[in-house]
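In what follows, chains carry the letters A, B, and so on, assigned in the order in which the sequence lines appear, proteins first and then strands, with residues in each chain numbered from 1. Quick caveat, the model's predicted, so the values are computed rather than measured.
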Amino acid sequence: MAKEMLTGNAAAAWGVRLAEVDYIPAYPVTPQTEIIETIARWISNGDMDARFVTMDSEHSMITAAGAASAAGVRAFTASSSQGLLYGFEMLYTVAGWRVPLVMVNVSRGLSAPITLEPDHNDILAARDCGFLQIHCETCQEVLDSILIAYRIAEDEKILLPVFVNLDGFLLSFTREPVEIPLLDDVKKFLPAYTPKHAFFRSGKPMAQGVSVLGGPIYSYFKYQMHLAAMNGLAVYKEVCKEFENIFGRRYDTTDGYMLEDAEYVLIMMDSFSTLGKAAVKKAREKGIKAGLLRLRLLRPFPERDIMAAIKGKKAAAVLDQNISIGKGGILHSEIAGAMFNEKERPLLLSFIGGLGGKNISPVEFEFIFDTMINAEKTGVVPEPHLLYTEAEWKEMERVKKIAGKV
Amino acid sequence: MNITPIKSIKDLPLEDNLFPGTAMCAGCGGLLALRHCLKALGEKTVIVNAAGCFTLLSIYPFTPFKGSWLYTAMASAPAGAQGVRDALDILIKKGRIKQDEDLKVVVLTGDGAAYDMGLSSTSGAIYRNLDFYYICYDNEAYGNTGFQWSGATPYASKTGTTPVGKFNPTGAEVSKKNLFEIWRSHKPPYLATISPAHQVDLFNKFKKAEEYKGPKLFISHSPCPPGWATDPSHSVKLAKLSVDTGIWALKEAIYGEVRHTLVPKKFKPVEEYLEGQGRFTHLFKPVRQEDTISKIQEMVNEYWKGVKE
Ligand SMILES: Cc1ncc(C[n+]2csc(CCOP(=O)(O)OP(=O)(O)O)c2C)c(N)n1
Ligand code: SF4
Ligand SMILES: [Mg+2]
């Protein structure tokens, strides 16, 4: 099948088009805007039979998307960074409505200081809200993940919204060859949405989003969401198997690179993983038994799969492109938590890098592998490191001088 | 227009679409207004609610409505209405539900949501000409959180966050926002103020609004016994007094053209309305605050002078 050169954003729009989404409330924010502009253009041209509304804010946008989903249509929306946080209240709300909304987040660092470039603090802030999360490394994966996301979200064992995450700039604006599936194949994989649990129509009155009084009722509904999310692990695997059968592309909960015989494992997410994989290859050339584990499904958290992937390794290093101020790397905490009761577990190191789109250079990856090897030798796990090069430091000194701060 | 307005309270439909037994306070003026709004709207409705007292109308596993309900959040009920309306239109257009399964989409919020936090989402919905109803029950404060100052709180009202004290003998120091005018500037097809004490006027306004596609907006003055510190049995009397003193003007605006639907023949002094309410007692006791009372009277006079001109 022919491949087209698509940006990550265009690939996302194609996913939405092929999923035959009915409704897209939208609001612009860099670096996501190309997604909604592309969809708007297709609707205007008649290439897509859907309704598009530009809302007054992301808070309104997520409300409208969730409400439309609660009324029984297939809805989509997208945001990034400041926009995601502006709509934050509604993420928890629509997840609690148990509506199968699919939303793309194009990762971008959070203000202040205000920036346009990517890191994962935005999407990780939404870690606990009840949306499932799929993280993408390639443009192809973005398109495919949207189709997979609807299948999972609409599965009656789940009925939770799903995020598909891609990095701003590095993926959103980068063209890669993408195979656009045939609509007939997509229809086989993703049937029309016909909800049994949430809709509004006369003669069948339904109260949705109602209040509860008392902890027992609240706990019941919250824990139900958790159990549904955990069902997602098995459902994800079934759905991806089916996806592979139809489209020939395979997506596991995690993505391993040169992992099998690796002794030192780098753990990453999203598009910077491509840099990580190149670094692994280079380390191998130097005789280091390096490997990479990319987390693809973050919610539900595939704890077992992650543990199986790092079992028996000498050391693992989590490279967090985020920072929980006052704690450190978020993924590091999650993985450390998962490992605690494992009898055989590798040393676990923590690195923070790529904040606000900061590049991670080959030297920095080399540093990570060297630090892992050293930790394994000495048995001493160092304090978490911030990846920052000498040249970057010098440049920072220079701009500080201009700012009058010496 | 082919609607005949009803003349008397005896012409109101007997059927209710809001059942009794809710958790609202005795004498809740907003609830009385809502009951009559729903008499006019019928049972084919979906109410999209924002955080406020009325959020506690539907408490799992009960709902007092014959129609459907969706609680959203404090700021975005009109955006929820947009999603529901659009979804119903899509489903009808694509043949997935029948035309007669359609519903009227009704936003229901308090004044705090309408005058303050939800202004952006409401403005957006009106501006996009969304086909929906909006009922704002205006109890002139954040009631559900215990009666704090909102953009709808009138001048000189005591609230939890405008307490009366040595340094502030007045209470709320600014006057109520003019939501009617804010909404009217969007030129919606139908906009009206209503009162739970004027049920015939209320009913006829809803029936008239039905003729229009687009935003149909209602603001109901809503006596609130715990917040206003009044006796529950006085709510209807107070709602009436607010109209008779000219404090609450009953009017409508069709595409922005204003018409008053009730002009009192002889205005009662505002004092009659203020006096009986705990939230205004500081204007009368321990010393009478003549200046403040006359200022309120002047504001009312000023308004009606404008109407008559
Ligand atoms: C975003 C947000 N902020 C604050 C609240 C707390 N809150 C709940 S109800 C309410 C008062 C709403 O006032 P109003 O709209 O006038 O309705 P009323 O309570 O008077 O019925 C507030 C402030 C909330 N639910 N959500
Ligand atoms: S506090 Fe006021 S508005 Fe709220 S339910 Fe009670 S009477 Fe009604
Ligand atoms: Mg109020």
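Atom CD in Glu37(A) sits 12.5 Å away from atom OG in Ser44(A) (nearest 0.5 Å). To the nearest 0.5 Å, the span separating CD1 on Ile152(A) from CG on Leu147(A) amounts to 11.0 Å. We find the CZ-CZ distance between Phe221(A) and Arg98(A) to be 9.5 Å, quoted to the nearest 0.5 Å. One finds the OG1 atom of Thr63(B) at 8.0 Å from the CD1 atom of Ile47(B) (value rounded to the nearest 0.5 Å).
Closest approach of Ser222(B) to Trp228(B), counting heavy atoms only: O-CZ2, 3.6 Å. The two residues Ile35(A) and Ala13(A) have their closest heavy-atom pair at O-CB, 4.1 Å. Asp122(A) and Ser81(A) get closest at one heavy-atom pair: OD2-N, 3.1 Å.
Cation-pi geometry between Lys216(B) and Tyr133(B) is met: the NZ or CZ atom falls under 6.0 Å from the ring centre, inside 45° of the normal.
For chain A, the nearby part of Arg128(B) is the side chain; its heavy atoms alone come within less than 4.5 Å. Residue Leu56(B) touches chain A through both its backbone and its side chain, counting heavy-atom pairs closer than 4.5 Å. Neither the backbone nor the side chain of Asn49(B) comes within contact range of chain A, judged by heavy atoms closer than 4.5 Å. Heavy-atom distances place no part of Phe199(A) under 4.5 Å from chain B, backbone and side chain included. Only the backbone of Thr54(A) comes within less than 4.5 Å of a heavy atom in chain B; its side chain stays farther off. Using a 4.5 Å cut-off between heavy atoms, Ile59(B) contacts chain A through both its backbone and its side chain. Both the backbone and the side chain of Leu70(B) have a heavy atom closer than 4.5 Å to some heavy atom of chain A. Of the atoms belonging to Leu213(A), heavy atoms from both backbone and side chain fall under 4.5 Å from chain B.
In terms of non-hydrogen atom pairs under 4.5 Å with chain B, the most contact-rich of Val212(A), Asp22(A), Val73(A) is Asp22(A). Ranked by non-hydrogen atom pairs under 4.5 Å with chain A, the options Ser76(B), Ala87(B), Pro78(B), Ser121(B) are led by Ser76(B). The candidate from Val94(A), Thr194(A), Ile62(A), Asp49(A) with the greatest count of non-hydrogen atom pairs under 4.5 Å with chain B is Asp49(A). Put simply, of Phe62(B), Trp69(B), Phe65(B), the one with the most heavy-atom pairs under 4.5 Å next to chain A is Trp69(B). When the candidates Ala81(B), Ala73(B), Ala125(B), Ser120(B) are compared by the number of heavy-atom contacts under 4.5 Å with chain A, Ser120(B) comes out ahead. With chain A as partner, the option from Glu43(B), Lys94(B), Lys66(B) having the largest number of non-hydrogen pairs under 4.5 angstrom is Lys94(B). Highest contact tally toward chain A, considering only Val46(B), Asp86(B), Thr72(B), Val84(B), is held by Asp86(B) [criterion: heavy-atom pairs under 4.5 Å].
Using cut-offs of 30° and 60° for the angle between ring planes, the Tyr137(B) and Phe54(B) rings count as parallel.
Judged by distance alone, with hydrogens and angles left aside, the side-chain atoms of Ser145(A) form no donor-acceptor pair with the main-chain N or O of Val142(A) at under 3.5 Å.
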